[in-house]
Undergrad: 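For reference, the structure I am asking about is given below.
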Amino acid sequence: MWQTQEAAFAQFKVWECAAVAVIFFLSPNIMLQALLILMTTALFISCGAFLFLTIVTEKPSTVRS
């Protein structure tokens with residue numbers, strides 16, 4: 001289980017860096033309102049994906065005695 005958490009954290013860092021790079025390179029070329037809409041949309045998508053993955057992966061374990 002620990003390796004899965006490490007992989008998930010590494011994947012999170014990759015996407016975080018990619019998002020920062022995209023915003024950094026786009027910021028001089030787009031208006032503030034468009035930037036805020038883009039960031040808000042990305043926030044909702046990421047929260048929705050996190051909730052979906054949490055629900056899917058956290059299945060109740062059946063304990064056999």
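Note that this is a predicted model, so its numbers are computed, not measured. Only heavy atoms go into these numbers, but all of them, side chains included; no hydrogens, no water, no symmetry mates.
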Undergrad: Distance check, rounded to the nearest 0.5 Å: F50 atom CZ versus I55 atom CD1?
TA: 10.0 Å
Undergrad: Enumerate the residue pairs fulfilling side-chain hydrogen bond (donor to acceptor under 3.5 Å, both in side chains) with a member in residues 33-49, sequence neighbours excluded, ordered by first and then second residue.
TA: none
Undergrad: Do I37 and I30 share a hydrophobic cluster, counting only Ile, Leu, Val, Met, Phe, Trp and Tyr and linking them when any side-chain heavy atoms are less than 4.5 Å apart?
TA: no
Undergrad: Provide the full list of side-chain hydrogen bond (donor to acceptor under 3.5 Å, both in side chains) pairs with a residue in residues 11-26, sequence neighbours left out, each pair given once.
TA: K13-E16
Undergrad: Could you grab the distance from atom CG of L38 to atom CG of L43, nearest 0.5 Å is fine?
TA: 11.5 Å
